[in-house]
Amino acid sequence: MILVIAIALWAVEIYIRNHTRELMSEKDLEKIFQDKVDNEVKIEPKDWMPDAYRKTLVRQISQHAHSEVVGMLPEANWITRAPSLTRKVALLAKIQDEAGHGLYLYSACETLGVERDETIEDLHSGKAKYSSIFNYPTLTWADIGAIGWLVDGAAIMNQVPLCRCSFGPYSRAMIRVCKEESFHQRQGYSIMLKMAQGTAEQKRMAQDAINRWWWPALMMFGPNDSDSEHSAQSMKWKIKRFSNDELRQRFLDMTVPQCHLLGCEVPDPDLKFNEETGHWEMGEIDWDEFWNVVKGNGKCNRERLRARKGAYDNGEWVREAALAYAEKKRKRKAAAAA
Amino acid sequence: MSSKKNWPLWEVFIRSKAGLNHRHSGSLHAADADMALEMARDVYTRRNEGVSIWVVESNNIHASDPDAKDALFDPANDKIYRHPTFYELPDEVKHM
């Protein structure tokens, strides 16, 4: 008798263990999820997660992926006109890395159950955004230096904390991206150094590039904390670790001395060093310009989207042909084996 | 053929140097195994990260259910005698 009861209890226990998810309320599941996040346990794709967490990640990771891919366009403008073979291969390698980073991120996004095509369609329809910085044109070779130094510098500042993001696949993708990206910033700064130490005309080009890229780079950290709508929730979920303004301040403190080392000026008349706090203090960002570019009215928004859509549409026959060829090979192999 | 058919998803495993296991690196889309290998080289080994690559179509991977992990791994939880520290021996015993 006792044995029968023991077996029955054991069976019930096994059943409960195997059906935990169905037997628990949404609230319980949410608590388990948040406990994991609070204890720095990574969330993996098949684990239970709140719908809003999944949606936030899909939005953020796919837009991050789009930014990597669209980010190739302004730089690609200078591959054929790089001033030396060394600079050309370095720029090619950097751009190839950006393609790779886009692919790591699309893969991370797909683990959340979205098809890659859907995310790409959202980019093409304008529903999904990408970093606004890539809607500015690259007018001279010095822009390539300024992008590597300032734009990749700001991106690294944003991405390093994402290596500790609560979602496993995103965190792992970011670790790989950050490892590769430090070369990008160094190659950019090395271009700037060369230009800044060059002829008066080259120096002028360097300063001109800084003038045009400085403020958009600072905008890359997003709206001020007081106006940032998704921030608090993302912090609680540990997708985000530091606020926009905190990261912007760190970037400013690191970058101002680098600019001075070039012998160039920071295009901010209000910039000053606060001896008491040990921090640089900047002037007001022109948020009207920021939102205007986000809304699609930047100098290159239309051109960038046209280039991406063109690449996708013109590649369609290649994707189809590759599939047809794979199918033909598979059939041949099967026939030979039969 | 439908024009919307996508290239299948592949999981990529890389052996970073001789003597080590292949480890999961990530995934990618490719039309077939040959293309998946070449793409894996370009996406995951641009800085000499590997000496060998495996690719497996993702739908051939079978995974345990994360919700059943307690029950699945339960048998190992109460077997401390599988660990060397379970056995107390006098200090005089050397080389063990």
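Values reported hereafter were calculated over all heavy atoms of this structure, with side chains retained and with hydrogens, waters and symmetry mates removed. Chain letters run A, B, ... following the sequence lines, proteins first, then strands; residues in each count from 1.
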Asker: Measure the CD-CG distance between A/Glu327 and B/Asp32 for me, rounded to the nearest 0.5 Å.
Answerer: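 Nearest 0.5 Å value for the CD-CG distance: 11.0 Å.
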Asker: Would you mind checking which part of A/Glu180 comes under 4.5 Å of any heavy atom in chain B, side chain (CB onward), backbone (N, CA, C, O), both or neither?
Answerer: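 Backbone plus side chain of A/Glu180, per the 4.5 Å heavy-atom cut-off to chain B.
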Asker: Please check: side-chain N/O of A/Ser107 versus main-chain N/O of B/Gly26, any donor-acceptor pairing under 3.5 Å?
Answerer: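 Not a single qualifying donor-acceptor pair exists.
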Asker: In terms of heavy-atom proximity below 4.5 Å to chain B, should A/Arg172 be classed as side chain, backbone, both, or neither?
Answerer: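 Answer is neither: A/Arg172 stays 4.5 Å or more from chain B.
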Asker: Check this for me: does any side-chain nitrogen of one of B/Arg46 and A/Asp97 sit under 4.0 Å from a carboxylate oxygen of the other?
Answerer: yes
Asker: Please classify the contact between A/Lys179 and chain B as side chain, backbone, both or neither, with a heavy-atom cut-off of under 4.5 Å.
Answerer: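 Contact with chain B involves no heavy atom of A/Lys179 at all.
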Asker: For the atom pair NZ (B/Lys5) and CG (A/Leu323), what is the distance rounded to the nearest 0.5 Å?
Answerer: 5.0 Å
Asker: So with a 6.0 Å cut-off around CG of A/Asn39, is the heavy-atom count from everything else above 12?
Answerer: yes
Asker: Relative to chain B, which segment of A/Arg330 carries a heavy atom at a distance below 4.5 Å: side chain, backbone, both, or neither?
Answerer: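 Neither; nothing under 4.5 Å.
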Asker: Check step by step if salt bridge (Lys or Arg N to Asp or Glu O under 4.0 Å) holds for B/Asp65 and A/Lys46.
Answerer: CA-CA 8 Å; B/Asp65 173 5; A/Lys46 295 223 162 71; over 6 Å; no
Asker: Taking the side chain from B/Tyr44 and the backbone from A/Tyr104, do they hold a donor-acceptor pair closer than 3.5 Å?
Answerer: no
Asker: Heavy-atom pairs under 4.5 Å with chain A - which of B/Glu49, B/His29, B/Met35 has more of them than the others?
Answerer: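 Looking at each option in turn, the highest pair count goes to B/His29.
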Asker: Which atoms of B/Ser58 come close to chain A, meaning under 4.5 Å heavy atom to heavy atom: side chain ones, backbone ones, both, or neither?
Answerer: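 Contact with chain A: none, neither part.
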Asker: For A/Lys31, is the NZ atom crowded, meaning more than 12 foreign heavy atoms sit under 6.0 Å from it?
Answerer: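 Incorrect, the count does not exceed 12.
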Asker: Quick one: closest heavy-atom pair of A/Phe183 and B/Arg47, and the distance?
Answerer: CD2-NH2, 3.3 Å
Asker: Once you round to the nearest 0.5 Å, how far does CD of A/Glu320 lie from CH2 of B/Trp7?
Answerer: 11.0 Å
Asker: Does any part of the side chain of A/Asp117, heavy atoms only, come nearer than 4.5 Å to the side chain of B/Asn6, both counted from C-beta?
Answerer: yes
Asker: Measure distances from A/Glu44 to the heavy atoms of chain B and classify the residue's part below 4.5 Å as side chain, backbone, both or neither.
Answerer: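 Neither part, no heavy atoms under 4.5 Å.
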Asker: With respect to chain A, which residue among B/Ala33, B/Ala30, B/Ala63, B/Ala31 yields the maximal number of heavy-atom pairs within a distance under 4.5 Å?
Answerer: B/Ala31
